Amino acid sequence: MNEDCHNLSDLSNHKKLNSADLEQIKDLIEILVDEETLPNPDSESLFKPNSNLSRSAQPDLNFLESDCINPKEMETEQKSKSEEAAKLLALTAIEEAQEIEAEKAIPEDLADTVNSLIPLIVGLLEFKQDNSREGIIETVRPVLDRLIAERTLEDSPKMASAIARILPAAIEDEIRLNPLSIARAIAPEIALSIREQILLDADAIPKTLGPEMGKAIKAQIESERDAMVDALYPVIGSTISKYMVEVVQDINSKIERTLSPEGIKRKFRAKVQGISEAELIFQESVGYRVRAIFLIDKDSGLIIQEIQIPGERHLDSEMLAGMLTAIRSFANDCIASGSELDLVDYGDWQILLEVAGYCYLAVIVAGEPPRAFITKTRQVLGEIVIEHDKAIQNFNGNLADVPLGIKTKLERLTQTNQNKPQKSSSPILWLLIFVLGLVFVPWGISSYRARIAHRIEQASVIQLDAAPELSVYRLDPTVKQGKLIVKGRVPDKYLRDRAETILQAIAEQNQLEIDNQIVIINVPVSPNLVTGEIQRLTNLFNQQPQVSIQTSYQPKTLNINGLVRDESTRQSIGQAFKQIPGIEQIVFNISEQLPIVKQRIYFKSGSSELDFVDNFAKINAVKQLLQQHPQLHLQLVASNDTIGSSIINYKLNHKRCQSVKTALIARGILATRLINNCNSIRSANQQDPRRPNWLKRYVGFKPFIPSNYK
Amino acid sequence: MSTITQKICLLGDFSVGKTSLVRRFIEDKFSDRYLSTVGVKVSRKLVEVKTEIETHQINLLIWDLEGNTKFKSIAPSYLKGASGSIIVGDLSRSDTLNNLTQHLRLFLEINPHGQVAVALNKADLIPPEKLAKLVENYQLNNFPRVIGVYTTSAKTGDRIEQMFEDISTVLIPAVKS
């Protein structure tokens, strides 16, 4: 706009004006006046239709304003004065112009007149410019667009350079104030711009964006990981997933075969090599697999014979062979002349190269082939070269001329590969054998051992049984882990030691240690056995003369009742009973005298008949005594009165004894225990004469123990 | 119908258009952007050759070798085992034409029984009136193994098919002289 300011002042330099110019000046002055005088310039302005336009150009005007004037310098007082002066000047100018027009003077005069007016107009404009910049702005505003447009047409480079200077600042400002609208304004053209730039300079855009791509991808991954994964998946995802699926499948099958010989071998290898089994499985999974075999002419790189494994992606063998040959040649020429390239390794694949004579063998293998395979490769190539070297040397590119034997030999290398699945069937067999072995070998060993142990045990049992003192006790010898163990219970240490002595001999014979686990226990003796023994001893002692004992046994205590005539016999009886296990205490209740039987059975005079009513108690008492002392025998002794003859009395005595005897036998007493001694008459003379006769007629009892009692 | 495979090499100075010839022959494409071949590029094309008796299939393995420069000669080992060769010169650069015999000698030294076709390339750059004279100057027919000299243009495809067909024909074992 400096340009514009300048142009206005340039007006004074115009020396000559034509009528059209004059017309323009007039218009301009009118406008100036109108703008000043009219209270609302818009309402009646000559440029009314453009008023909207001028308003819309307002933002553009801002910088005009700032460039041309400083609004702060404006002061209202000055303003009103200058307005007055301007009006006067303007009116003078119009009047003069009107005069000129009215006179219709010839053009030269007119020009002169106008030229004389010019300083006035310039002064007016300068005045206006100095004192009423706002007014100027108001004046210029409606025509500004036209001014710019015309000026642009006139001298576009100048306009461009004028605008250019403030354009960055303008855009910067606008971006700050209204970023969205700027973005909207530029957006549609960005793609096009980049395309254009690429056409102009293909490298510039990649160079600019390149360094930022990494950061951009990183940022994108951070903010939207899933979207990035989705985007990249088709490229790398399928490759990785395919590979991983294969590896995982392989690992699965290997884990399934953990118990196969391979699995056990692997476990062993893992231990020996000190690496984890998982690592070994992974190595094996990545494993090796023959993909293709090529026999290639060493010089020309032509394929002599090829084998590609069905199921693998078919390789363009001729191109591959050509490139391999070129690489070989290159390596030979440039890297290591005289030595051979024997391995090309790319990713998971390896190309084994074996050279011989006029050809070389390229075996494409996935994974890490074992040494044995490489050896076999060499062997096969060696055989081929020996048998078919002429054919290979003369190979002219015609596959029909290649001997069939070569293919057969090469197929042997793939058989190694194909044998794998066959091998995989054998693990089942191996597994079966292994499992059976696992079951039967230990079983065989243990059953053999068990047989030997059983034999030793049998021998021990027989030996123990052979010892009578031990035979009643249950002793259980067992053989276990090189030891002869004997268990059981015996009542005393003697028996325990006895058993050990017997088994010691057997243990030494079979080189076993003896482990005596026999426990000594106080066996609670069976009451039946004790009473039996007591009875046996009782009977034994009762056989002795002068001994009549009865025994009764309560657990631990033995009561001995009866008759033992002397003390030494009593002591020996006591000792004998103490030997019986189960008897801890003996209570003696014995007498050294035979019991006295006081009972006398009285009879009526001249009668031998037993009066049961009177003598019932006496007979019973005698019976009880006899029952109490089983060894006791009774002599029946009769006594008679002095009445009657001695023969009669003798007979009566005899009969009376018989009656008593009969009565006792009738009550269960053995006849042998009752001995009649009625023959010896106890005459009245031998009795107290003072006794009444009825007391003299009786049968008495005299106890005795017969010495021959059994 | 029998199929045989034969190796042929493309020899010549750098930038004479060897790779472009191969590209035109195999892909029927042309680009005037120059990309130097590093080492060797192996391509393949199956060519059918009809003789009076039968149709032969020849599997051409074309070794497009890195062109030689002042500082680097062609690696002779790449030439080994080649049955035929196309030796290429650039009609617009006379020095490349002068080197043709040198290449020819190198090839025949390694493959004495090889068949050779000479391609005078970039014929499209030479005005027709000049062309005949130029070609006349570089007739290598006095070499017994040269089967012909072809003014080719990889840009227009001119005579390329013919040249490859001719060399294929002589590579059929029965036809080999």
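So you know, we letter chains A, B, ... as the sequences are listed, proteins then strands, and number each from 1. Keep in mind that the numbers below use all heavy atoms, side chains included, and drop hydrogens, waters and symmetry copies. All values derive from a computational prediction rather than experimental measurement.
With a 4.5 angstrom heavy-atom cutoff, Ala400(A) does not touch chain B via any of its atoms. In this structure, chain B has no heavy atom under 4.5 Å from any part of Asp401(A). For a residue to count as touching a neighbouring chain, one of its non-hydrogen atoms must lie under 4.5 Å from one of that chain's; by this rule Asn111(B) does not touch chain A.
Relative to the ring axis of Phe25(B), Lys45(B) places its NZ or CZ within 45° and under 6.0 Å from the centre. Cation-pi geometry between Arg23(B) and Phe30(B) is not met: the NZ or CZ atom fails to fall both under 6.0 Å from the ring centre and inside 45° of the normal. Taking the ring centre of Trp63(B) as origin, the terminal cationic atom of Lys7(B) falls inside the region bounded by 6.0 Å and 45° from the ring axis.
Summarising the geometry of Phe14(B) relative to Arg93(B), their closest heavy-atom pair is O-NH2, 3.1 Å, with the distance given to 0.1 Å.
Each of Pro76(B), Ser43(B), Ala82(B) has some count of heavy-atom pairs under 4.5 Å with chain A, and the biggest count is that of Ser43(B).
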